[in-house]
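Naming: A, B, ... by sequence-line order, numbering from 1 per chain.
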Amino acid sequence: MTATSTSAPEADPASLHAGVIEWFDDHARDLPWRRPEAGAWGVMVSEFMLQQTPVNRVIPVYEQWLARWPRPADLATESPGEAVRAWGRLGYPRRALRLHGAATAIAERHGGDVPKTHQQLLALPGVGEYTAAAVASFAYGQRHAVLDTNVRRVFARAVTGTQYPPNATTAAERRLARTLLPEGERTAARWAAATMELGALVCTARSPECGRCPIARLCAWRQAGSPAHEGPARRVQTYAGTDRQVRGKLLGVLREAVEPVPQAVLDQVWHEPEQRARALRGLLMDGLAERLPDGRYRLPGA
DNA sequence: TATACGTGGCG
DNA sequence: TCGCCAAGTAT
């Protein structure tokens with residue numbers, strides 16, 4: 001390929017970096033965990049809360065959480081149940097348990113400071129490949145490929161030329177993300193945040209606003225005529241009538257209760273006894289609830 | 001690799 | 001109304 005082509009500019013890394021990062025300079029949202037005072041703990045808390053929960057619902061809970069537990073050691077002194085209660089209705093309350101566990105591990109094994117290496121972060125409960133890279137990059141400015149659903153979609157469109165990424169993250173995606181990572185540490189960290197923001201604000205799943213996209217000219221998907229997705233449709237998770245819904249109802253009662261809750265009260269939340277019992281067993285197994293000697297239930301240690 | 005795991009807003 | 005979607009992790 002010669003350098004004379006003018007109709008369809010190549011998405012060379014340097015052009016992508018410049019376009020996305022300059023756009024981010026002007027359009028980055030002022031989110032609380034992006035402020036300097038958030039610190040690594042603030043970044044970590046936000047990352048836990050943002051796992052599958054939209055930004056707008058996270059913000060108020062994040063503010064309360066950081067005000068109450070400004071350092072990992074502060075949270076570590078609380079019962080897990082208090083963390084679950086303060087989690088409110090963010091969903092997937094096991095994340096609250098894991099965040100509490102991460103705080104405890106940080107207090108015990110890391111002197112109270114959020115660890116800095118990807119490997120140390122990965123060892124914390126609730127921290128997977130994405131969160132470890134995100135904390136290392138956003139909190140400590142390190143050079144990591146941060147591959148979340150937004151970035152995967154941006155890369156799928158801009159570089160690969162497909163409307164959506166595969167259902168599960170592939171080795172090819174990781175390779176591509178590493179290839180596109182700018183050399184410099186600071187630029188790499190900026191790039192990670194910028195590509196996520198672009199996916200969240202412009203290159204959205206359902207209705208991308210290509211007119212506002214800084215790299216629309218370079219986008220392989222647009223150049224291909226914006227073809228519709230071919231692969232298998234993403235499986236939609238059902239919710240109504242599932243154990244998850246019943247668990248949510250049971251936990252909602254425990255979360256709001258000041259005193260331990262009698263079995264009879266929990267029995268009100270769902271009509272089908274077998275499913276109800278199974279859901280409650282699940283909560284107990286997961287450590288999201290506990291049964292007292294008198295037969296009543298409450299959040300763990302609350 | 002596929003599945004379980006909450007909740008709510010939007011088109 | 002209802003399906004789709006939201007900064008994933010653990011098993």
With DNA chain B as reference, determine whether A:Arg255 or A:Ser207 sits nearer its 5' end, using the nearest nucleotide of each.
-> A:Arg255
What does the list of N/O pairs under 3.5 Å between the protein and nucleotides 8-10 of chain B look like, with a distance for each?
unit_1 : atom_1 : unit_2  : atom_2 : d
B:dG8  : OP1    : A:Arg89 : NE     : 2.3
B:dG8  : OP1    : A:Arg89 : NH2    : 3.4
B:dG8  : OP2    : A:Arg89 : NH2    : 2.9

What is the distance, to the nearest angstrom, from the [atom1] atom on [X] to the [atom2] atom on [N]?
| X | N | atom1 | atom2 | answer |
| --- | --- | --- | --- | --- |
| A:Asp286 | C:dA10 | CG | P | 13 Å |
| A:Phe48 | C:dA10 | CZ | P | 8 Å |
| A:Leu299 | B:dG6 | CG | P | 13 Å |
| A:Arg95 | B:dA4 | CZ | P | 18 Å |
| A:Asn167 | C:dG8 | CG | C1' | 15 Å |
| A:Leu99 | C:dT9 | CG | C1' | 13 Å |
| A:Gln51 | C:dT9 | CD | P | 5 Å |
| A:His229 | C:dC5 | NE2 | C1' | 14 Å |

Pairwise P distance, B:dG11 and C:dA7 [rounded to whole Å] = 16 Å
Kindly check if the number of other-residue, nucleotide or ligand heavy atoms within 6.0 Å of [atom1] ([X]) is above 12?
| X | atom1 | value |
| --- | --- | --- |
| A:Arg174 | CZ | yes |
| A:Gln163 | CD | yes |
| A:Glu37 | CD | yes |

Please work out whether the ring planes of A:Phe155 and A:Trp191 are parallel, tilted or perpendicular, with thresholds of 30° and 60°.
-> parallel
Inter- and intrachain pairs under salt bridge (Lys or Arg N to Asp or Glu O under 4.0 Å), touching residues 146-155 of chain A, at least two apart | A:Arg152-A:Glu173
Describe the nucleic acid contact of [X] in one word from base, sugar-phosphate, nothing, applying a heavy-atom distance below 4.0 Å.
| X | value |
| --- | --- |
| A:Leu90 | base |
| A:Arg29 | base |
| A:Trp87 | nothing |

How long is the gap from NE2 on A:His100 to CZ on A:Phe48, to the nearest 0.5 Å?
-> 12.0 Å
Short side-chain N/O contact to C:dG8 OP1/OP2 from A:Gln52, under 4.0 Å = yes
Which atoms form the tightest heavy-atom contact between A:His110 and A:Gln120, and what is the distance?
-> CE1-NE2, 4.0 Å
Under a single-linkage definition using a 4.5 Å side-chain heavy-atom cutoff for Ile, Leu, Val, Met, Phe, Trp and Tyr, are A:Leu97 and A:Leu280 assigned to the same hydrophobic cluster?
-> yes
Presence of salt bridge, A:Arg68 and A:Glu82, under 4.0 angstrom | yes
DNA chain C contacts made by residues 120-153 of chain A, counting heavy atoms under 4.0 Å | A:Pro125, A:Gly126, A:Val127, A:Gly128, A:Glu129, A:Tyr130, A:Thr131, A:Asp148, A:Thr149, A:Asn150, A:Arg153
